[in-house]
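Below: one structure, written as structure tokens.
Quick note on labels: first sequence line is chain A, next is B, and so on, each numbered from 1.
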There are 2 protein chains.
Amino acid sequence: MAGDLQKRRIPEATVARLPVYLRILLELAESKTATISSERLAELAGVNAAKVRKDLSYLGSYGTRGVGYDVEYLLFQMSRELGLNHDWPVVIAGIGNLGSALANYGGFTERGFPVAALVDADTTKVGRSLGDLEIRHVDELPQLVDELGIAIGVIATPAHVAQGVADKMAEAGIHSVLNFAPAVITVPDGVSLRKVDLAVELQILSFYQQHRHEQTV
Amino acid sequence: MAGDLQKRRIPEATVARLPVYLRILLELAESKTATISSERLAELAGVNAAKVRKDLSYLGSYGTRGVGYDVEYLLFQMSRELGLNHDWPVVIAGIGNLGSALANYGGFTERGFPVAALVDADTTKVGRSLGDLEIRHVDELPQLVDELGIAIGVIATPAHVAQGVADKMAEAGIHSVLNFAPAVITVPDGVSLRKVDLAVELQILSFYQQHRHEQTV
DNA sequence: ATGTGTGAATCGGTTCACAGCC
DNA sequence: GGCTGTGAACCGATTCACACAT
């Protein structure tokens, strides 16, 4: 077995589920569960067993027929694949309501995404502290990225400045952007972009609520 | 002939994009743009024109060949379809860091989702005020839903109590749930569920960052 | 006997390409 | 001539079903 090269391109849909499996495996490991079947893992992840098996098969043949998957080993392989063996420092841009909440939200650091810097364009905010971080001006992004090894930019600004901030992030060398602003933004090739739009989520729910009578299967 | 009945079942992927079109149409209307082509709308929404046309065609034939779509008319039809002609009051469960931020985040009310109630299981929090709302105990959900016509429940609790809260919401008659807790939860038939998992988003970005060398198209 | 790994069948969604209408 | 609306072709993802390993 001479190394795997990049034999497999993992489908996007699978990539989006891996973190869910990972979280469940962490819980299983904590409760000292040694092995798990695709059936049981599927149940915990809210999907079906065939999907779990296919998803995990993209990582390699890490299961044992007749037995299931070794929790610790699968955890190790999955963490590696997801790049979670080391931390990815994050910068949050836009320290308003949402930005502050995200900065204080322990869940990030806990999962390997330490909030390493906060930036804002509002000079009255710059210099203030939040937790143990001082808010810096958005134009300092390049230095911050450089000095702190920032890998991921989180945009929590008002919509009308989101694109500008994304541009600055990309220019500063950030290759991963998570956008919370309710605006469609674009990033250069080679930069990954994900978005979380709270109002959109509510409107989707509103649609299905509105159409509840039409049987939803 | 016999009318259209429920001629069209709108695909899920389309439903998820309608709110994005809607927001763009609102901006266009504000800037007094009268008509828009699928091409231009696609550009603003970050998708391609064929997709826009197909998506809009599920709403009905509201475009004019050779001209484009009337912004106001399309806006009206789309709002109607999304159920945004009236407000949908929201309850937020779990008034910690994230819950508080969501409660204060103006964006909800502004888009027709007024935060009508806040609940928590922590009796030391119950009775406190946040903005102009008093935090109520989670067991009061049924009354709150009844009195305030609450339609949507937002879960911002710690992961280990999220399922319990979801159960209580469903029992109280809530048919739409938005889950921010990092846990897989299930809801009864007839209840819609969407989730926003911040750590999962970061981990997905981490994956692609990790694999940046393998050309990403 | 049990449960994985994976080709094959299927499904949902996207994109193409063009007929139809303004 | 320009742009919509939509069948048809295509593509990615899901599900099925079973050979194979333990």
Side-chain angles (χ1 to χ4, degrees), chain A residues 1 4 7-21 25 28 33-75 77-78 81 204 207-208 216-217, chain B residues 4 7-18 20-21 25 28 33-75 77-78 81 204 207-208 214-217:
Chain A
M1 34 133 97
D4 48 6
K7 167 192 153 202
R8 33 182 173 266
R9 156 140 271 97
I10 304 183
E12 245 181 89
T14 296
V15 171
R17 280 187 297 268
L18 293 181
V20 176
Y21 301 141
L25 290 170
L28 289 169
T33 307
T35 64
I36 181 128
S37 68
S38 60
E39 184 107 27
R40 178 90 182 102
L41 182 49
E43 191 186 322
L44 294 170
V47 302
N48 69 42
K51 200 181 276 182
V52 168
R53 288 202 298 279
K54 186 135 278 192
D55 283 344
L56 297 186
S57 77
Y58 289 114
L59 303 179
S61 290
Y62 297 145
T64 308
R65 291 169 199 233
V67 178
Y69 300 87
D70 181 276
V71 172
E72 287 292 347
Y73 187 58
L74 190 53
L75 206 40
Q77 293 296 348
M78 199 177 289
E81 196 70 35
I204 294 170
F207 174 89
Y208 288 110
T216 323
V217 171
Chain B
D4 51 3
K7 166 193 152 199
R8 31 178 177 270
R9 157 139 272 97
I10 304 185
E12 244 181 89
T14 296
V15 171
R17 281 187 297 268
L18 292 182
V20 176
Y21 300 143
L25 290 169
L28 290 168
T33 308
T35 65
I36 182 132
S37 67
S38 61
E39 183 108 26
R40 178 89 182 104
L41 182 49
E43 191 186 322
L44 294 170
V47 301
N48 69 42
K51 201 181 275 182
V52 168
R53 289 202 297 279
K54 186 135 278 191
D55 282 344
L56 297 186
S57 77
Y58 290 113
L59 303 179
S61 290
Y62 296 147
T64 308
R65 289 164 200 237
V67 178
Y69 300 86
D70 181 276
V71 173
E72 286 293 347
Y73 187 58
L74 190 54
L75 207 40
Q77 293 295 349
M78 199 176 289
E81 196 70 33
I204 295 170
F207 173 90
Y208 288 111
E214 304 155 28
Q215 65 250 26
T216 324
V217 172

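Counting any heavy atom pair closer than 4.0 Å across all strands shown, A:Glu39 reaches no nucleic acid atom. Within 4.0 Å (heavy atoms only), A:Arg17 reaches sugar-phosphate atoms of the nucleic acid but no base atom.
A:Leu41 and A:Val52 make their closest contact through CD2-CG1, 3.9 Å (heavy atoms, listed as atom of the first residue, atom of the second, distance). The shortest heavy-atom contact between B:Ile204 and A:Ala16 is CD1-CA, 3.7 Å.
Between B:Thr35 atom OG1 and B:Leu74 atom CG the span is 11.0 Å, to the nearest 0.5 Å. Note that CZ of A:Arg53 is 11.0 Å distant from CG of A:Asp55, once rounded to the nearest 0.5 Å. How far CZ of B:Phe207 is from CG of A:Leu18: 7.0 Å, rounded to the nearest 0.5 Å.
When each of B:Ser37 and A:Pro11 is assigned the nucleotide of DNA chain D with its nearest heavy atom, B:Ser37 is the one assigned upstream, toward the 5' end.
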Practice problem: For nucleotides 15-22 of chain C, just jot down a letter per nucleotide in 5' to 3' order: B, S or -, based on protein non-hydrogen atoms under 4.0 Å. | Solution: BBB-BBBB
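Within the structure, every side-chain polar atom (N or O) of A:Tyr58 is placed at least 4.0 Å from both OP1 and OP2 of D:dG12. OP1 or OP2 of C:dT4 sits under 4.0 Å from a side-chain N or O of A:Ser38.
Atom pair A:Gln77:CD and C:dT4:P shows a separation of 17 Å (rounding to whole Å applied). Look at CG on B:Asp55: it is 17 Å from P on C:dG12, rounded to the nearest Å. Rounded to a whole Å, the CG atom of A:Leu74 is 11 Å from the P atom of C:dT4. Taking atom CD of B:Glu12 as the reference point, atom P of D:dT14 lies 12 Å away to the nearest angstrom. Going from atom CZ of A:Arg40 over to atom P of C:dT2 covers 18 Å, rounded to whole Å.
Annotation: side chain of B:Tyr208 is in contact with side chain of A:Val15 (closest heavy-atom distance under 4.5 Å).
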